[in-house]
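Start at 1 and go down the list; that is how both ligands and their atoms are numbered. Bear in mind the structure is a predicted one, so any value in this text is a computation, not a measurement.
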Amino acid sequence: MSWQSVTRADSIAAGAAKEFTIETAQGPLELFIINTNGQFHAYKNRCPHTGVTLNWLPSQFLDIDNRYIQCSTHGALFRIQDGYCVRGPCAGASLTSLPLKIEHGTIWVEIA
Ligand code: FES
């Protein structure tokens, strides 16, 4: 396990999400980070239904009401706070969350 810096916290506006690809010992890791009122959450960008990336437009991860993370392929909805799928073909499954910390304004995620 190791911590890797990803971005400045102030680069992700409140209510917005942003995608990143970082290099790890296992190869590139696609992830995204969501800022909900100053609470940041990081997830691997993989839908538990088929393993595809969740978004089809750059950094577009939320549904039309900005209440859930939505998979663009089959429309599964995931809670922002814990990645749990509440509706869709993978209901009951969860996104893979990544431990996140903020130090001196920089967001770090823990990589297995
Ligand atoms: S690939 Fe995400 S819901 Fe089917």
Which pair of non-hydrogen atoms, one from [X] and one from [Y], has the smallest distance, and what is that distance?
X   : Y   : answer
T21 : P28 : CG2-CB, 3.8 Å
Y43 : L98 : C-CD1, 4.1 Å
G15 : L62 : O-CD1, 3.6 Å

Problem set entry | Cationic N near anionic O, under 4.0 Å, R46 to E30 |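 Salt bridge flag = yes for E30 with R46.
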
For this session: At a cut-off of 2.8 Å, list the protein N/O/S atoms near atom 4 (Fe) of ligand 1, residue plus atom name.
Result: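 Metal shell, protein only: H49 ND1, H74 ND1.
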
Exercise. Are the side chain of D65 and the backbone N or O of R67 linked by a donor-acceptor pair below 3.5 Å?
Worked result: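 No, because the side chain of D65 does not come within donor-acceptor range (under 3.5 Å) of the backbone of R67.
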
For this session: Scan T53, L54, N66 and name whichever one has a side-chain contact (heavy atoms from CB on, under 4.5 Å) with F61.
Result: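 The option that passes is L54.
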
